[in-house]
Structures are given as C-alpha cells and as structure tokens.
Amino acid sequence: MVMEDPEAPHHMLLIRNFMSQGLVHKQPLLYASPAKDPRGFLGTLPSPMFSKDEKSRDRDAEQEKGLRIAWQYKKYFGEQNSEFQRDGKSEYCNDFDLRKPLERHFYSGQQIDCISLQDSADLTTFQDCCSSFLSQTSRNDRNITCAGRIAIQSLGAPQCDFSDKECDMLSFIRSLKSTIRSSNAVAVITFPPSLVSPAFSKRLQHLADTLVSVKAIPDEDKELAKLLTGYQDMVGLLSVHKVARINTQVPTILEATTFSMKLQKRRSLILECLNQAPVDGSTGSSYASSGSCSGSSKTGSLDF
Amino acid sequence: MAERICRALRDGVLEGEHAPALTIKDSIQSPFGFLVFNHVLSQLSSFIVAQKSQSQGIVLVALSRGPLYYEELFKSKGNDVSSSNKWIRVLDCCTDPLGWRSKLMESGRIANLTLGTSTTASLYKNAKDLDKLLLAITELGKELVGDGKGRFAVAIDSVSEMLRHTSISSVAGLLSNLRSHDQVSCLFWLLHSDIHETKATAALEYISSMQASAEPRTRPVNGQRGNYEKLPFLEQNLRGGKIHVRFKRRNGRVRLMSEEFCIEQSGIKFTPISSEAEMMARSLVPKVQFNLQLSEKERNDREKVVLPFEHQGNGKTIQIYDGRKSLNEDKPEMQYTSAEKVQTVKDSGRGEIIYFRDSDDEMPDSDEDPDDDLDI
C-alpha cells in the first residue's frame, strides 16, 4: 500500500513503474482508478531502458575482472539489489525511461483490464472483477511462471460515491487480500490518508503487507537545500514503514527507511538513501544528512 | 504572486494533462474571497479579450451572485460588455437554482417576472443534479469555442453554494471531470472554508493544483476575549489581509508564497509582504541533541587555550623547530638537552657554531625510543 501526499503525484510514478514492469514480464494486469477513462493512463506508462544497461554491464565485466568475487558477494547483501545474473538472462527489475512511452508491442496480446471507480455506487462489481481476474492466476495449477498484477489508484478519492462508506472499503480490502494470498498475484493500492478518517487510515495501514508513503517537498526552500545534498534534483521523499513478512518470523531490518526520489537526467526514477540525524526522543525520527557523509553513495531500486 | 496565479490560469493546460485548478478560500475572519475571485475573473477576461490566453472564453457558473452583478463588474473594470457574448457565458444558478420559482409561476401563484437578464446568461434550474450541470457547462463552452480544438475556462462562483445542494463526492466528481475534459483550459472556484467539514475542504484541496487562502493580517492574542478589546484587530482585518498561495508544481514540489492585500475603492490591491517572512513550521528540519553552537564566553576561552606543543612549560616563548634551518638559526627549546648532546651556542649570527647531532650516532632500531626525549 502506498500512502499518498495530497500535494504531489509521486504515487503515480510508483504505479507507472509497477504496471510497466508487469507488461514487460508479460503478466496480466488489472488497473482501477477514479478517472472516467482509465485506459488513457496506459499511454503514460514508461518504456524500459534495456540496451544501454547491457552495454554498460559488458564494459564493467571487462574492467572489473579483478573485482568479480566482490560483485558476486554484493549480490547477496542488501535486499535492494536486483537479482540479475551476470549473463543478463533473467531480470526482475528494470529501469524505466519516463520520457519515452511504452512501445506498442508490449500491449499487444496482453490481458489488461481497466476499471473506472467513479460511477459505481459501491465496490461489489469491482470486487467481482478482481475475483474473476485472480481466478486466472490461482495457485492450484503447478504453473507458477505467470503472476498477475493489480494496481488500484487512489482508493477513497472523493470523486467516488463509496468514499464515505469506510466499512465497505475495509471489507473489500480484506477479501482482496485473502484472495491474493491464495493466488499468484500482487496488488499495489494507493490511498490518500489525509482525506479519510484516521481510524480508517490506521486500519488500512495494518492491513498492508508492505507499507510505503510518499511525501512532497517544498520548492526553493533554502534550509532544506542546506541540509540535504542533491536537493535540486529531488522531487520527493519515500518512506518505507513496513516490509512484507510472509511465511517468516525474521523481520527485515532495512539500512534506511527514508529515500529521496530523484529523476536521473529527468528520465528514470531513482531512490537514494538519506542519512538520518540523531533521533529526537520526543518526536521520533527526523531526516537530515550532514555535509560530509551525505547520501548519493548508494542507489537502489525496490523490486516490483 | 497574484499575477502568478493569473498567469498560470492564462497559460492553461498542456496536452494530455489535467487542467490547472485554483481554489480561493476564505473565512469569516477575512471574508475577502469574493474580491479575490473578482480580481482573478477580471484579469483572466482581459487576457481573453486581448487574445493572450489559451482559453478563448469563460463559462461562469453563477451560484451566489446573479448575472447582472457580473455585468456591472465587467463594466466597472472597463471590459467591453457589448461584445461579451463572444467570450463569456453565464450559467445562472442563482435566480432559481431548484426550479421553485418557475413552478410557482406555472401554477400562477406569482406573476411572471421578467428579470433584466443579459443575453449571455442561461437559466439553470437543477442545482441538485450535477451531471446535468456538467452537460450544461460543456454545452455552453462549445457554444463559445466551437467543437474543435478551442478551449474555455470555467469559473464557479461558489462551491460552498453547490455543497448546500449536493454531496462532496458529486462536487468532487464534477470538478475532476471538468479538469480532465478535453476542452477545458483552466478552472477556478471560491470556497468558504469555515462552513464546511474539514473533510470537504481537504477533498477540494486534493483536487485543485493551486490554493489561495485569504487570512487576517493579525490575530487577537489569547486573553483578549471581549469584543471591545478585539476591535483594533477587527478594524485592521477588515481593511486587508494576507493571501497565502500553495502551488503544486508538475515535478511534485510545492511552492509556497504569500502577499498582502488591501481593500480599496476600486477593488483589491496586492503588495509584497512588508514584515519579516513568516517562519513556516518545517517537519523536515532535524532536531539534533548536540549543541553545536558556541557562546561568546566559550569562544573567548577557546582562543585563550595554549596548545601543548606551543609552550615549554617554563614561560619561554614559542618556537617551533623547522628541520631545514638547523645550522644558523637558534635551536628550538623543544629539543631539549641531555648530557650526551653538545650544547649549542645561542648566537645571533657571528662566529662559528659547531654542532654534533646526537641522532646521527644512533643506529636505526636502537633500543632507545627517540620519543623518550620529548618533554611535553
């Protein structure tokens, strides 16, 4: 689940990457939003950056033969490394070029369902759509190569008639979660916590397996520019609150929970760690990076 | 900054994106939202008449003030009213929003009133049905700009009036549909924030891309309860106030700006803020538990500290040995004498100095630790 910031559209960047990744992997996709014509959103999906990466990897292989062992170890440390193998065969995580729309051949022959949530009085029809979509990717058959993706944007947005029926939305999310558990699918749901009641927001946060929030940053803020290096390139902040712990009792302890969202060369979204300042006991964590040991040393990408 | 808002509305929308939407907010402490709305409306209309804007016309949904009021407004601002049917259409939801008047006229209870409506106004009697309202707005817009690629702006007199008749979700639906309509260039509306629930105000702010809120210049300090004591503040706040604007930029950052305004005979006038910029609460500023600043006393004390290598402990002056100048210069006090070393002669430069360095005699890696000679 992604908690939106009412003043910034960063959750759309995450949803776009999620959907594009699904289309690149040829996975069936279901997209729902409060817009009247959700199909229009498909035109804004970014294209993967393939060939350039492969070239750079080959060059690295030539230059860093001595460091080969180190590279192999690096693969195992840190959950943010993409599990890509040296010969470049299977990739779980691509970089996407936000300035280039996804090519047509990725759409052809793909199952893409787009549903508008604006005119429906309640969530029953949408729930049926989700159930029928998920029945295609159920785990009963041995084939696990095909996974489904569900992207729900702005659940609880004010345009929808059911946005004040919080109990209905909660029961929908619960039933969706239980159906997803028994199928080969993942769902990304964004909601605006500032527009729903605090109790509902808390319940949704507890229901989430992985919880992430995005935050806007003020523009031309001199104090922030002094505190954060790379402020000029930053578009927002992303905080990881919870990471999925399914079938395990070992918690994932992240090195950093706050990342800055930057657009590298205005093309691809990258997430960089921020160093956290000493924690103030009364108010919890706060963000800063001292001048000398600022972030920018580590780049990572969340697997989608 | 008010010009910035007007420029943003004038420039309109980029292809494939949602139209910019402005919320003008006010409250009882600073009830000047209308004047700001009128200012923005007249600025935009002058851009349209001069053909400097993306939109070629305005559709004004008049819910709290009738079309005649706006005719007077345009006349007073110097806009050409006679040609107004080329660039403005007024949807009159003020005269008879729920259709009661026409029902009474049909049943003969009241006489048939001919209101002096202008040619640009169309009567709308169904304020509860926002789907029909959307249709009416888009039809009026198409009348103005045609069916092609022309765009029009939409101004809603008061969303607060709309919320009297319908729910927030239908209003939010209407506004978001207008924003995503192919032919809408920009839209702006007025809202009285203190008469609605916070949820409704939050929902409208969520939908808009710019928010301008009119606030009082000063607020009475706690403890001044009586009206008599609050009078000076009230008086000052009735003559002007501050306007705070939040722009949601395309790259996801939020720009915050403020200006002062004062009410004059001719309308509203904006000036940059004269007093110190307000400190805005920032949740991102770190709270560090270490005091990294020095007080005056601490600074003076620090300057007085003599570092260990700078003194000999016996009150003599500081001399730092520079290894290159061993022959003619004074040997520094730091290399202290031992019984084995030859005493050097302090000479101002005449005569000979014969000098045998002790350390040359020593073999490397001898047992003696040369640092034993140091006296700190």
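Protein chains get the first letters and strands the later ones, always in sequence-line order, with residue 1 at the start of each.
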Practice task
Could you tell me which portion of A:Asp164 (side chain, backbone, both or neither) has an atom closer than 4.5 angstrom to a non-hydrogen atom of chain B?
Solution key: both
Show me the side-chain donor-acceptor pairs of residues 170-178 of chain B shorter than 3.5 Å, one per line, residues at least two apart or across chains.
unit_1   : atom_1 : unit_2   : atom_2 : d
B:Ser170 : OG     : B:Ser167 : O      : 3.3
B:Ser170 : OG     : B:Ser167 : OG     : 2.8
B:Ser176 : OG     : B:Ala172 : O      : 3.1
B:Ser176 : OG     : B:Gly173 : O      : 3.2
B:Asn177 : OD1    : A:Gln118 : NE2    : 3.4
B:Asn177 : ND2    : B:Gly173 : O      : 3.2

Exercise for the section: Could you tell me if the ring centre of B:Phe188 sits under 6.0 Å from that of B:Phe37? Expected result: yes
Handout entry: Set of residues satisfying salt bridge (Lys or Arg N to Asp or Glu O under 4.0 Å) with respect to B:Glu15, sequence neighbours excluded
Key = B:Arg151
Completion exercise
Greatest number of non-hydrogen atom pairs under 4.5 angstrom with chain B, of A:Leu263, A:Asp119, A:Leu195, A:Asp161, falls to A:Leu195
Handout entry: Greatest number of heavy atom pairs closer than 4.5 Å to chain A - which of B:Ser180, B:Ala203, B:Ala200
Key = B:Ala203
Exercise for the section: Classify the side-chain pair B:Thr138/B:Gln183 by whether it contains a donor and acceptor separated by less than 3.5 Å. Expected result: no
Practice task
Between chain B and each of A:Pro158, A:Gly236, A:Ser163, count heavy-atom pairs under 4.5 Å; write down the option with the most.
Solution key: A:Pro158
